[in-house]
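Notes follow the structure.
This one's a predicted model, so the numbers in the text were calculated from it and none came from an experiment. The figures that follow rest on heavy atoms only: side chains count, while hydrogens, waters and symmetry mates do not. All ligand and atom numbering here is 1-based and tracks the order in the structure. Just so you know, residue 1 is the first one in the sequence shown, and it goes up from there.
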Amino acid sequence: MRRFVRFFGISALVTLAACASAPEPHPPVAAATATAGATTPATTVPTTPPSTPAMTNPLLEKWTGPFGGVPPFAKVKVELFTPAMMAAMDEQRREVDVIAKNPEAPNFDNTIAAMEDMGRALDRVETLYGVWSSTMNGPEFQAIEREMAPKLAAFSDEITQNEALFKRIEAVYNSPEKAKLTPEQQRLTWRHYTSFVRAGAKLDAAGKKRVAEINQRLASLFTNFSQNVLADEENYMVVIEKEADLEGLPDSVRSAMAAAAKGKGMEGKWIVSNTRSSVEPFLTYSNKDDLREKVWKNFVNRGDNGDTHDTKKLITEILKLRAERAKLLGYATHAHWRVENAMAKTPERAMALMEEVWPAAVKRVKEEVADMTALAKKAGVKRKIEPWDYRFYAEKVRKAKYDLDENEVKPYLQLEKLREGMFWVAEQLFGFVFSPVKDVEVYYPDVRVWEVKQKATGKHVGLWYFDPYARKGKKSGAWMNAYRPQERFKGEVTTIVSNNSNFVKGKDGEPILISWTDAETLFHEFGHALHGLSSNVNYPTIAGTRVARDYVEFPSQLLEHWLPTPELLEKFAVHYQTGKPIPKELLAKIEKAKTFNQGFATVEYLSSALIDMKLHLAGDKDIDPGAFERDTLKALGMPAEIVMRHRTPQFNHVFAGDGYSAGYYSYLWSDTLTADAYEAFVEGKGPYDASVAERLRKNVFSVGDTIDPAEGYRAFRGKDAGTAALMKKRGFVTAAPAAKPAAPKKK
Ligand SMILES: [Zn+2]
């Protein structure tokens, strides 16, 4: 069953946070496809180029080998993608036809279940395509992406606008027989029905035509938007000529800047690239006020320079088209359309959460600024704290207040030891055991594979691929990907998942030491992987991480909480030279500093999330994004010392695709669940309480989207999540000491 997990959309998201696990992206996603017997791969001839018969295109073939078949990575050649995808789309067209024209009366098996079994060839090709897009990218592949993206978008509309197919889905959905289906089958029927309706299946011919036009225009605008932002990231930079101007920067930052200069043919100089990973360390450590200001200005003005790459006109058009599409589809605004199928269900509920947290975060910022101002004054600085000062003085406060130096922690955080630690946590919580596998193909020599089994029964659970290192052609950030979801309606199919990150590979035999934040990210992505591996459902559309956007970050954020547990650290956070576990004093410092700077992190994030939602609630009018941002922030009382994490003209989450539009709130929504859920362990016997872990597995990690997430959560927790635990986690209440680590979320 084909779902548009748009890997090509990942790039935008991944930069920051990354996790691409998930769900429903674009217009209610087109789902699917079809048919009976459909699993026979490609007996078809591709539409282009005729010289490559599909039968011989290895990307189309069923996966073979151990574990129910594994991805044929070694057979991939970039030039095979286009003919394979064209042929796979053709095959799916035939599958749709078989279902749509079935002379039998529509029922669950011949319609909904049949759709679960269609598009298998396209799924397989798109899985490989997604891996190349995110980890093996290059100019040759980008040309294919530019060609294929609009074709895939049009294909999606073609399916959801297939009247005969929709009539059958609708008949099953409205049939009194539906009540006799299992709850999972009823939920699956609902998923297909609503995703078609939400894509415009009920519109008249003119309405459908307009929706398709809008979708195609939007696809181009999204591409232009992300390319413009990228151009400003590549074209703007700060070149430093004198070593004296590097004052305050750690060696690692200096050498990265030197390498960037060398890459641009400016050997002997230093470059601050206009990307987050270069800008943030510079703003944190540089002693040079004027250079910090310059670097900061370049970064926050991406897409907003009034030149050919300015994105504001694109935004106005995107917003207008989205508003028009929402109206056509029968919704008050784009926000109402987007949020309807999420856990929040209405933009008002999402707004209520954000507005509850906002004042507390702003209040905390005032305290943080007061601390920084006092420290700056002592150092003889007379002026007020500017936005390009925040990270710099925050770091000084952190040292002064908590005496915590990242360089002291790093020697205890070895990548491979932490990986073993994650496996250990998975065993404690879910009874999984991992063993290395050698005989499967990988797409790059650094990729390693493990088999996951149930410890108690020895039963095979799935495969876990690990691609930890940065390299050219691999997108930045970290993410999880499911190569194959679990299912069992036509026989047991086990899942294949992967975790991807961008650690700098060390010399052979040398351990890779990572930061505390990176260790949290590692656990976060592993949380997505465990969500996929725990899946215990019948149908692939609703398996594993294929859940609502504002729910999918909950299992992953939750897993971060096991990193700071003493049980884990004593065994796995050991010094790379002495083998000694991390000292208790150091742990105490980490614990003490855990809510540090949460005012900044929350306001930076939440201002973006609020603007996103308000832009998409504003309705069908010409919006000037600059004025809208200015006026809205003023009305919100945005602290002058902070700028949005993603200003409107560079907000890739929201304007490089539909995925996170009116959805950036999701991280806070999920974190509210996360904070509350971890309390269940605190209230029980602690992080390794087996009975709480079993409830978590049973009601959250294993159920995919077979039940309403709110119900699943309630079954786990015995109640709905409130905000008390979140406020405590972020240090916004001064009650009892928070029960867990806080750590800014990746976003
Ligand atoms: Zn995530």
Which N, O or S atom of Glu553 lies nearest to the Zn ion (ligand 1), by name: OE1

Considering only N, O or S atoms of His524, the one closest to the Zn ion (ligand 1): NE2

Heteroatom N/O/S of Glu525 within less than 2.8 Å of the Zn ion (ligand 1): no

Taking NZ, NE, NH1 and NH2 as the nitrogens, is one of them in [X] or [Y] under 4.0 Å from a carboxylate oxygen of the other?
X: Asp708; Y: Lys345; result: yes
X: Glu184; Y: Arg187; result: no
X: Glu679; Y: Lys719; result: no

Sidechain-backbone polar pair: Thr127 side chain, Asp123 backbone, donor-acceptor under 3.5 Å: yes

